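The next block holds one structure in the form of C-alpha cells; read it before the comments.
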Amino acid sequence: MAWEPTDLEQQRLQKLDRLRSAGIDPFPHRVERTHTAAEAVSALAETGQDKGPAVVVCGRLRSLRTMGKIAFGHIEDGSGRVQLFFRANEIGSPTIKSLEQHFDLGDFVQAGGEMIYTRTGEPSVLVQSFKILAKSLSPLPIVKEHEVDGQLVRHSAFSDVEERYRQRYADLASNPDVRDVFRTRARVISALRRFMDNEGFLEVETPILQPIYGGAAAQPFTTRHNQLRQDLYLRISFELYLKRLLVGMYDRVYEIGRDFRNEGVSFKHNPEFTQLEFYAAYIDYHEVMNLTEQMVASVAEQVAGQSIIQYQGHTINLAPPWKRVSLRQSILERTGIDYVECPTPESLAAAMRETGHQPSPKSSWGKLVDSLLGTHVEPHLIQPTFIVDYPRDISPLAKTKPGDPTHVERFEFFIAGMEMGNAFTEINDPLDQEQRFQEMGRLYDPDAEDAHPMDDDYLRAMRYGMPPCGGFGTGVDRLVMLFTNRRSIREVLLFPHLRSREQQ
RNA sequence: GGGCCGGUAGCUCAGCGGAAGAGCUCCGGACUUUUAAUCCGGGAGUCGUGGGUUCGAAUCCCACCCGGCCCUCCA
C-alpha cells in the first residue's frame, strides 16, 4: 500500500526539506566514526582523568533535552549508549537551535568532541561537531526509562504483540531486550554447532526442495519447478537424506536448517522452524541419549554459564544424567492404564473412556498411546526426561526392540513440559524398512493427509548396506525458548509467520 | 476447525447509548549540567472493516478481517 504520511511524518518531511534547503545532505555517504559508544565511554575511564580523548561517535538519537543555551541527548549504536552534551560555548547557539528545527528522535547522527564527565558524573561527549547521517521519517515508538531503587522502569514500551511481529525492525529498534533474545539465539546455535563439531560430526546440507517428502508425519508445502515441470515439496525433515549419507560412508553427519510443515500454528508451532538432526553410525539410542544430555548441558554452559536455568517460574537442572523412564511406565503412573494390557485400539479406547477420555474413533492404537502421553505425561515433564520405547506403529523408521515386536527403540525428550526432540535406533534392514512403509500405508487411510509416501530411492540406498546407527532431531526454536525464557516460539523467531492483512 | 478476550491519536491506555479523552510523542515559547528534565501555550483520530437497531452508536446487534490465549490438530 502506498505510503500516506501521518501528521508526524509530514513534519519530518518538512524537516527533510529544511535540511536540504540549508545545503545539508540528510543521507550522506560517509561517516567519520572513531569510537563506538561503548569505546568512547571506556576510553574516558581509561584516562583516569576527568577529560578524555576526542571521539567521533555515530548512532541513533534516542533522547534530546534542549534547555536554551545547552542541550543533552543520548545516542545509541550496536554497542550501547553515550550521552551528548551540547553547550553554546563550544558549538554555538544556532546549532543548538537547529537541534530543535532539524532533528528528530530516531535520526542517525554523528557527534564529535572531547569526552568529559558532567556534573552528575555521566560520561558524555562535549559536542563540537554534529551532523545528520540518516533522517528518520517515521517516528519509532518512544520508550522512556528511568531508575527507581536500582530498577529500570520503562514507559510506553512498544508492546503490541501483533505490531511487534509485523514490524520486527521497530520492535528491535526500540526494545533492547528483544535484541538480546536473538543474540542468545545465535549463541545457542553456535554452541550446538560447536558441540557437534567437537563430537566429530560433519555438517552437511541436504535438499530443501524434495520430489518426495518424508521422515516425519506432517503435511508438506508444495511448489513447482516451472522449467522442469516438476512438482516439489518443501522438506518436512532431513532424516532420509542424512541417512543416505551414512550409506555413503560418513560416520557422523548433522544438519541445522529449516523444516516446513503445513499445519496449525501455535505458541510452539511455526510453519517454518529450525531443526537440528544428527545421525551416527555404530551407536544405538542409548548412546544417542548420552549425546543428547551432554549436548543440551553443553549449550547451557556455553550460553548461560551453568546447567541450571530459570524458565517460566521453574528451576530446571539440565546437568546429566537425565531421568529415563519407559513410555509404558510413565503412562501407567499418570493414568493407571497399562496399554500393554489393551493391545487393540478398541480395548485401549475403552480403557481410556473409563478414565474420562473421549478418544477419536479413527485413531490407531499407537496414536491413542501418543495422545495419553501428550495429555497426561508431557505437561508434567518439567525437568529433562527421556521417555523411552514407543509403540511400533507410530514409529516407521525405528528399529523394533529385540524380543518385543510391539515396541521400538525410540525416545523423545521433554523439558519444561515441551517435547524437545525425538530419536531412535534407526532401521537399517531395507526389507524391514520397506515392510514398515507398507504397514504405514495400511494403518493410515491412503487419503489421510499425513500418510507416509514410499521413498524408493531411500530403500535403494539402504540396500547397498547401512551401518547400525542412531539418529536424533530437536527443535532448535524450542531450545532457544528455554534459554531465553520465552513462552511463545514467535518470540524467538525474528519474523514469525502471520496472516497477511489486506491493508499493509 | 471451535470457544473466550482484544483492535480508540505515532506509542501505552481510559471511555462502553447523549459534544472522542489522558500520559508520553509532536508543534510554538522560556530555560548554560539534564537524564521519564521542568514550566507556559497549541495540535493530533475513517474509535479494525461493512451492515443493522436507535432521535442519537466508539459504546447495543450481525457478518467479516487481524491478533492473543485455550481447545482441536501436530508419529
Side-chain angles (χ1 to χ4, degrees), chain A residues 5-12 14-15 62-74 81 83-91 93 96 100-101 104-106 116-122 124 126 138-148 152-166 170 174 215-219 236-237 261-269 271 358 360 363-364 366-367 369-371 373-375 390-398 408 410 412 419 422 424 440 443-444 449-452 473 487-488 490 496 498-504:
Chain A
T6 64
D7 287 355
L8 296 182
E9 289 169 332
Q10 302 268 17
Q11 288 167 6
R12 291 188 175 205
Q14 285 165 15
K15 292 184 184 181
R62 288 256 93 126
S63 65
L64 186 63
R65 302 176 290 281
T66 60
M67 37 200 73
K69 302 259 184 330
I70 61 164
F72 293 92
H74 281 88
R81 293 184 181 204
Q83 180 166 262
L84 306 181
F85 179 20
F86 301 84
R87 211 160 49 173
N89 299 19
E90 278 75 26
I91 201 164
S93 290
I96 289 174
E100 297 173 346
Q101 290 178 333
D104 290 293
L105 300 185
I116 58 151
Y117 291 103
T118 58
R119 189 174 290 170
T120 56
E122 178 161 351
S124 306
L126 182 57
S138 297
L140 282 168
I142 304 299
V143 180
K144 294 202 165 191
E145 305 174 330
H146 70 127
E147 279 188 27
V148 175
L152 197 63
V153 180
R154 312 184 78 216
H155 301 267
S156 300
F158 183 40
S159 60
D160 182 278
V161 171
E162 181 175 356
E163 286 309 315
R164 285 182 47 235
Y165 296 160
R166 288 193 193 277
S174 44
Q219 297 175 58
I236 58 172
S237 87
R261 296 188 182 177
N262 204 338
E263 294 174 343
V265 298
S266 79
F267 74 96
K268 49 183 177 177
H269 297 88
Q358 293 174 324
S360 161
S363 292
S364 70
K367 284 210 164 192
V369 171
D370 198 51
S371 83
L373 167 67
T375 309
Y390 278 63
R392 182 184 132 114
D393 75 42
I394 53 171
S395 312
L397 300 160
V408 294
R410 172 179 170 192
E412 293 184 310
E419 181 197 333
N422 183 19
F424 24 89
M440 290 303 287
L443 276 170
Y444 288 98
E449 289 157 328
D450 56 356
H452 206 285
R487 235 176 81 71
S488 167
R490 291 183 283 268
L498 295 179
R499 210 184 294 250
S500 55
R501 288 197 294 222
E502 306 119 292
Q503 299 185 8
Q504 271 285 40

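Note that this is a predicted model, so its numbers are computed, not measured. Chain letters run A, B, ... following the sequence lines, proteins first, then strands; residues in each count from 1.
Comparing the P positions of B:A14 and B:C60 gives a spacing of 15 Å, expressed to the nearest Å. With both ends at atom P, the span from B:G68 to B:U34 equals 45 Å, rounded to whole Å. Taking atom P in both B:A44 and B:G23, one finds a spacing of 16 Å when rounded to whole Å. If you take atom P in B:G42 and the same atom in B:C47, they sit 25 Å apart, rounded to whole Å. Spacing between B:C31 and B:G41 at atom C1', rounded to whole Å, works out to 16 Å. Comparing B:C11 with B:C74, their P atoms are spaced 39 Å from each other, to the whole Å. Straight-line distance between the C1' atoms of B:G7 and B:U12: roughly 14 Å, to the nearest whole Å. Between B:G45 and B:A58, the distance separating the two C1' atoms is 11 Å to the nearest Å.
Here A:R499 reaches the OP1 or OP2 of B:C66: one of its side-chain N or O atoms lies under 4.0 Å away. One finds no side-chain N or O of A:R62 lying less than 4.0 angstrom from the OP1 or OP2 phosphate oxygen of B:U25. When the side-chain nitrogen and oxygen atoms of A:R487 are compared with OP1 and OP2 of B:C70, one or more of them lie within a distance under 4.0 Å. Taking 4.0 angstrom as the limit, A:K367 places a side-chain polar atom (N or O) nearer than this to OP1 or OP2 of B:C74.
Within the 3.5 Å criterion, the main-chain N or O of A:L126 finds no donor-acceptor partner in the side chain of A:S124. Without hydrogens or angle criteria, A:E9 side chain to A:T6 main chain gives a donor-acceptor distance under 3.5 Å.
Of the nucleotides present, B:U12 is the one that pairs with B:A22 by Watson-Crick or G-U wobble criteria, both distances under 3.5 Å. In this structure, B:G67 and B:C5 make a Watson-Crick or G-U wobble pair, each of the two defining distances being under 3.5 angstrom. Judged by Watson-Crick or G-U wobble contacts below 3.5 Å, the nucleotide B:C39 has B:G29 as its partner.
At the heavy-atom level, A:E122 lies under 4.0 Å from base atoms of the strands shown. Within the nucleic acid shown, A:N89 comes within 4.0 Å of at least one base atom, counting heavy atoms only. Across all strands, A:Q83 comes closer than 4.0 Å to base atoms (heavy-atom distances). When heavy atoms are screened at a 4.0 angstrom cut-off, A:S395 is found touching no nucleic acid atom at all. Residue A:R490 is classed as a sugar-phosphate contact, given heavy-atom separations below 4.0 Å to backbone atoms only. No engagement by A:Y390 is indicated, since no non-hydrogen atom pair under 4.0 Å with the nucleic acid exists. Note on A:L140: nothing from the nucleic acid sits closer than 4.0 angstrom, heavy atoms only. Within the nucleic acid shown, A:K15 comes within 4.0 Å of sugar-phosphate atoms alone, with no base atom in reach, counting heavy atoms only.
To the nearest 0.5 Å, atoms CD1 (A:I96) and NZ (A:K69) are separated by 8.5 Å.
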Does A:L140 form a side-chain contact (heavy atoms from CB on, under 4.5 Å) with A:R62? I'd like the steps, not just the answer. CA-CA 10 Å; A:L140 282 168; A:R62 288 256 93 126; 3.7 Å; yes
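For A:F72, the ring pair (Phe, Tyr, Trp, His ring centres under 6.0 Å) partners at least two apart in sequence or on another chain are A:F85.
We find that CD1 of A:I142 is positioned 16 Å from P of B:C13, with the value rounded to whole Å. Atom NZ of A:K268 and atom P of B:G68 are 16 Å apart (whole Å). In this structure, A:F158 atom CZ and B:A9 atom P are separated by 13 Å, rounded to whole Å.
Set against B:C13, B:U34, B:A75, the side chain of A:R410 has B:A75 as its closest nucleotide. Checking B:C26, B:G68, B:G10 against every side-chain atom of A:T6, the shortest atom distance belongs to B:G10. Taking only side-chain atoms of A:D370, from C-beta outward, the nucleotide of B:C69, B:A75, B:G68 with the closest atom is B:A75. Out of B:U12, B:U33, B:A75, the shortest distance to the side chain of A:F72 is found at B:U33.
Counting distance only, with no hydrogens placed and no angle test, the side-chain atoms of A:S159 and the base atoms of B:U12 include no donor-acceptor pair under 3.5 Å.
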Filtered N/O pairs between nucleotides 36-43 of chain B and protein, under 3.5 Å:
| unit_1 | atom_1 | unit_2 | atom_2 | d |
| --- | --- | --- | --- | --- |
| B:A36 | N1 | A:H155 | ND1 | 2.9 |
| B:A37 | OP1 | A:K144 | NZ | 2.8 |
| B:A37 | N6 | A:T66 | O | 3.3 |

